Number of protein chains: 2
Amino acid sequence: MPDNPISQSGQSLLFLTDEQLRKGIEAMFFAYRGFTADPDRILADMEYGRAHHRAIHFIHRSPGTTVNNLLSILGVTKQSLNRVLRTLIEDGLVESRVGKEDKRERHLHLTQKGAELERSLSDAQRDRMRAAYRAAGPIAVAGFRQVLEAMMDQDLRRHYDTLKDRGA
Amino acid sequence: MPDNPISQSGQSLLFLTDEQLRKGIEAMFFAYRGFTADPDRILADMEYGRAHHRAIHFIHRSPGTTVNNLLSILGVTKQSLNRVLRTLIEDGLVESRVGKEDKRERHLHLTQKGAELERSLSDAQRDRMRAAYRAAGPIAVAGFRQVLEAMMDQDLRRHYDTLKDRGA
DNA sequence: GAGGATAAGTCAGCCTTGTTGACATTCCAA
DNA sequence: TTGGAATGTCAACAAGGCTGACTTATCCTC
């Protein structure tokens with residue numbers, strides 16, 4: 001974390017007032033609605049919901065991930081995930097392969113069809129993010145990421161970092 | 001929006017790569033879980049959920065707001081809001097007053113008891129935000145807010161700004 | 001004053017997505 | 001061979017979204 005001249009001075013801790021914090025809370029609330037709006041619109045036309053989007057996203061992100069790993073990333077019960085996963089497998093969007101080393105495990109992959117849906121969902125979501133990033137500029141984006149990362153629970157942060165490392 | 005030397009240069013638009021955007025998307029996902037975790041824990045012990053929290057928050061924020069106004073802030077149907085509001089009124093957390101000028105309207109206020117719950121919920125949520133803000137510093141916080149604001153839909157942004165103006 | 005518009009509330013029924021709890025199956029490893 | 005781990009499944013339930021239809025009360029306008 002970079003030192004900060006303002007907070008270091010002991011003065012001007014105004015960004016920590018309850019008023020500032022409340023604005024941040026409301027910004028999170030309204031922004032998250034925008035964040036999910038575009039994929040939700042696409043999914044509404046199908047028989048899928050946000051839970052399907054999440055599963056598809058993380059299977060795409062970590063091809064071959066096990067059900068257990070996905071469970072701990074998503075933070076839901078296996079029954080809840082299983083319902084979603086079952087429909088995705090039935091509909092031919094996700095493939096479940098028995099593990100080679102440990103045959104109890106199932107490794108999850110997107111099919112061609114699944115990858116196409118993933119693409120259309122993430123395109124929609126990225127378009128909005130891209131517009132926001134462009135409007136705010138790279139310095140703001142860095143701050144955005146810093147604050148979000150500091151808001152995560154430790155175990156969520158671990159998942160986030162693991163995913164991050166694989167990526168860029 | 002301040003000019004930005006990096007993006008202005010036409011070079012180094014690296015912060016707009018799909019990889020960067022995906023990281024931002026995942027940061028939003030994991031951070032939002034943290035964002036709601038603390039109030040959720042408090043609410044789980046009561047017969048309330050996140051929907052009650054949202055209603056309480058915005059009634060606190062805009063005392064005397066009408067049902068219609070609350071509906072458009074929350075972006076849900078009146079049936080959905082009504083279910084929540086009814087329990088809050090029955091339990092004596094919210095008071096509904098007939099409008100003076102227009103008697104069709106109901107103006108919503110938190111009772112003493114409602115204000116107490118609001119306080120405990122927002123204390124919990126603010127604690128986490130404060131820690132994140134402090135860890136990231138004021139410049140990061142400014143960027144955080146900038147990006148979130150740029151992610152909002154126009155009508156959400158309007159509500160956000162209206163609330164913001166009343167506050168600080 | 002009548003009629004249409006508006007604000008709020010309500011009933012019924014549906015869907016998604018979360019939860020518990022119980023239990024079966026399969027397979028690895030001690 | 002037996003215990004535990006990973007997975008899958010059934011049943012039941014709850015929160016909180018949704019639509020549609022309808023009532024009541026209150027404006028507001030012609």
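Values in this document were obtained by computation on a predicted structure and should not be read as measured data. Chain A is the first sequence line, chain B the second, and so forth, proteins listed ahead of strands; every chain is numbered from 1.
Nucleotide C:dT17 holds its C1' atom 13 Å from the CG atom of A:Asp40, rounded to whole Å. Between A:Leu81 atom CG and C:dT19 atom C1' there is a gap of 14 Å when expressed in whole angstrom units. When the P atom of D:dG8 is taken as reference, atom CG of A:Leu70 falls 11 Å away, rounded to whole Å. Atoms NZ (A:Lys103) and C1' (D:dA5) sit 17 Å apart, rounded to a whole Å. Taking atom CG of residue A:Leu43 and atom C1' of nucleotide C:dT16, one finds them 12 Å apart after rounding to whole Å. Here the C1' atom of nucleotide D:dA14 and the CG atom of B:Asp45 are 16 Å apart, to the nearest Å. One atom, CG of A:Leu88, and another, P of D:dG8, lie 13 Å apart when rounded to the nearest Å.
Residue A:Arg83 is classed as a base contact, given a heavy-atom separation below 4.0 Å to a base.
Regarding contacts with the backbone of D:dG17, every side-chain N or O of B:Thr77 stays at 4.0 angstrom or more from both OP1 and OP2. Between A:His52 and C:dT17, a side-chain N or O to OP1/OP2 separation shorter than 4.0 Å is present.
Between A:Arg22 and A:Glu19 there is a salt bridge, with a side-chain nitrogen of the basic residue lying less than 4.0 Å from a carboxylate oxygen of the acidic one. Using a 4.0 Å cut-off between charged side-chain N and carboxylate O, A:Asp153 and A:Arg157 make no salt bridge. Between B:Asp38 and B:Arg41, at least one side-chain nitrogen of the basic residue sits less than 4.0 Å from a carboxylate oxygen of the acidic one, meeting the salt-bridge criterion.
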Show every donor-acceptor pair shorter than 3.5 Å between a side-chain atom in residues 78-87 of chain A and any protein atom, with sequence neighbours excluded, or say none if there are none.
residue, atom, partner, partner atom, Å
A:Thr87, OG1, A:His52, NE2, 3.3
A:Thr87, OG1, A:Val84, O, 2.8

Identify each donor-acceptor pair in which a side-chain atom of residues 25-34 of chain B lies under 3.5 Å from a protein atom, sequence neighbours left out, and give them as a table.
residue, atom, partner, partner atom, Å
B:Glu26, OE1, A:Arg61, NE, 3.2
B:Glu26, OE1, A:Arg61, NH2, 3.1
B:Glu26, OE2, A:His57, NE2, 2.8
B:Glu26, OE2, A:Arg61, NE, 2.6
B:Arg33, NH1, A:Ile73, O, 3.3
B:Arg33, NH1, A:Leu74, O, 3.2

- [ ] Heavy atoms under 4.0 Å is the rule here; annotate nucleotides 1-11 of chain C 5' to 3' with B where the base is hit, S where only the sugar-phosphate is, and - elsewhere.
- [x] ----BBSBBBB
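Mapped onto DNA chain D by nearest heavy atom, B:Glu47 and B:Gly75 fall at different nucleotides, with B:Glu47 at the one closer to the 5' end.
Between the side chains of B:Tyr133 and A:Gln20, no donor-acceptor pair is found at a separation under 3.5 Å.
Each of B:Ile89 and B:Val98 belongs to its own hydrophobic cluster when Ile, Leu, Val, Met, Phe, Trp and Tyr are linked at side-chain heavy-atom distances under 4.5 angstrom.
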